[in-house]
Amino acid sequence: MKQQICILGSTGSIGTQALDVISQHPDLYEAYALTANHRWKELAEQARRFHPAAVVIADEAYYEALTHELSDMPDVKVYSGSKALEEIVESESIDMVLTAMVGYSGLAPTIHAIKARKKICLANKETLVVAGELILQLAQQYHTPILPVDSEHSAIFQSLVGEEENEIEKILLTCSGGPFRNFTDEQLKSVTAADALKHPTWDMGAKITIDSASLMNKGFEVIEAKWLFGVPAEKIQVLIHPQSIVHSAVQFCDGGIKAQLGVPDMRLPIQYAFSFPKRLHLNGSRLNLFDKPLEFFEPDVKKFKCLALAYKAINKGGNMPCIVNAANEIVNAGFRQGECSFLAMGDIIEETMNKVSYDKNPDYDVYVRTDAEARRVATEIMNTKF
């Protein structure tokens, strides 16, 4: 029988590529439910192409427009709102949920999917950044598998297959370095969002592209790797790798290193999460090892403050990563809208970390309160000082 897939965030970069994977294997996979935040026109187009049983538009303001657009497709049920997102993942027909929503909004529906014992294909790193300990506890309690979709974490996962009994000495987490890797401090003072959105190797959504430019995305991936693979932060080393060919690697206790290499194409980790432990044919480019040299550099955490702040949050623990994530979502949007400078993002996040209430042992309700408080504080700082 075909595996029924729910894609949370089907109109984004990961979601559209996941639908391409599904279209390449129509005998194996079927889109059961598709969701979007506000891109109702794109969601309607996807519904016409893939004929899901249901679509959900999170922003209720677009419910009527979407319903009208799909009025000639009565077999496609249309829902709206955050509650509908949480309920759709619990459908008995669904086998796996691809969590490709952006930011904190992915946390609640992911928790509902875990409790419904759906296989989780995790592309929303903020879920583990905000509440990694809680998510792992729930996954263990409900016997729910979580397979990483981030290219780096998929590479680590692939490198660990067959190595279950062997000690990890170090995780080597690669990073392109973003568009500002070689910029001076003086140059960074005047960069714009348009500059930051020109990522050298990956085609991603705006929010994650800005996070990649500031290296906050890599800091979040360190936190994600800590929870996914049970490795402390001090054993996770970030490497700047401009070619984005080595997607990440694992160094074992004997000094041996296993890495996963490939062209920058997110469809590979998406498909691997769907098909694991099998590998399926995937249409696309193949890696040419003669094409370019492979380079590796240490990141400059003084110039890229956000990476250092992420490590600080990991070491502090509790709700501190939740604080960092919320503040980052505020400044990321602020930078894109011209409300703060590139370098100010790290300063605002750091000040928010110092002002928001710290809780060493948070539960879900604490995460919700922390997220709201951190967003308010970060917004106040950005509006008054920057």
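Along the sequence shown, residues are numbered consecutively beginning with 1.
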Item to complete: Determine, step by step, whether Glu86 and Ser82 satisfy the side chain to side chain donor-acceptor pair (under 3.5 Å) criterion, reporting the C-alpha distance in whole Å, the side-chain angles of both residues, the deciding distance to 0.1 Å, and the verdict.
Response: CA-CA 7 Å; Glu86 296 169 5; Ser82 57; 5.1 Å; no
Is there a chain of hydrophobic side chains (I, L, V, M, F, W, Y, each step under 4.5 Å between heavy atoms) that links [X] to [Y]?
X      : Y      : value
Leu309 : Leu173 : yes
Trp227 : Val238 : yes
Phe180 : Ile349 : yes
Val324 : Val301 : yes
Tyr104 : Ile314 : yes

Fill in: CG-CG distance between Leu98 and Asn124, expressed to the nearest 0.5 angstrom
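The CG atom of Asn124 is 10.0 Å from CG of Leu98, to the nearest 0.5 Å.
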Please determine whether the number of non-hydrogen atoms from other residues, nucleotides or ligands lying under 6.0 Å from atom [atom1] of [X] exceeds 12.
X      : atom1 : value
Glu133 : CD    : no
Gln337 : CD    : yes
Glu92  : CD    : no
Lys258 : NZ    : yes
Gln141 : CD    : yes

For [Y], is there an ion pair with [X] - N to carboxylate O distance below 4.0 angstrom?
X      : Y      : value
Glu69  : Lys41  : no
Asp365 : Arg369 : no
Lys355 : Glu380 : no
Asp185 : Lys189 : no
Arg48  : Asp72  : yes

Worksheet item: How would you list, by chain and number, every residue that makes a side-chain hydrogen bond (donor to acceptor under 3.5 Å, both in side chains) with Gln237, sequence neighbours excluded?
Response: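 Here the qualifying residues are Lys170.
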Show me, pair by pair, the donor-acceptor contacts under 3.5 angstrom made by side chains of residues 280-291, not counting sequence neighbours?
{"residue": "His281", "atom": "NE2", "partner": "Asn283", "partner atom": "OD1", "Å": "3.0"}
{"residue": "Asn283", "atom": "ND2", "partner": "Gln24", "partner atom": "OE1", "Å": "3.3"}
{"residue": "Arg286", "atom": "NH1", "partner": "Leu282", "partner atom": "O", "Å": "3.0"}
{"residue": "Arg286", "atom": "NH1", "partner": "Gly284", "partner atom": "O", "Å": "3.1"}
{"residue": "Arg286", "atom": "NH2", "partner": "Leu282", "partner atom": "O", "Å": "3.0"}
{"residue": "Asn288", "atom": "OD1", "partner": "Phe290", "partner atom": "N", "Å": "3.0"}

Would [X] and [Y] count as having a side-chain donor-acceptor pair, cut-off 3.5 Å?
X      : Y      : answer
Gln158 : Arg279 : yes
Gln260 : His247 : no
Gln4   : Ser93  : no

Discussion item. Can a donor-acceptor pair be found, under 3.5 Å and without considering hydrogens, that links the side chain of Ser248 to the backbone of Thr174?
Written reply: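 Yes, the answer is positive, given that a donor and an acceptor are paired below the 3.5 Å cut-off.
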Worksheet item: For Gly12, does its backbone N or O pair with a side-chain atom of Thr16 as donor and acceptor, under 3.5 Å?
Response: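 Checked: pair present.
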Worksheet item: Can you name the nearest heavy-atom pair linking Phe50 to Ser23, along with the distance?
Response: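 Smallest heavy-atom distance, with atoms named: CE2-CB, 4.2 Å.
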Item to complete: Grab the two heavy atoms, one from Phe335 and one from Cys340, that are nearest each other, plus how far apart they are.
Response: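 Taking every non-hydrogen atom into account, CD1-O, 3.4 Å.
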Practice prompt. Tell me, please, which residues at least two apart from Lys305 pass salt bridge (Lys or Arg N to Asp or Glu O under 4.0 Å).
Written response: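 Lys305: salt bridge (Lys or Arg N to Asp or Glu O under 4.0 Å) contacts with Asp347, Glu350.
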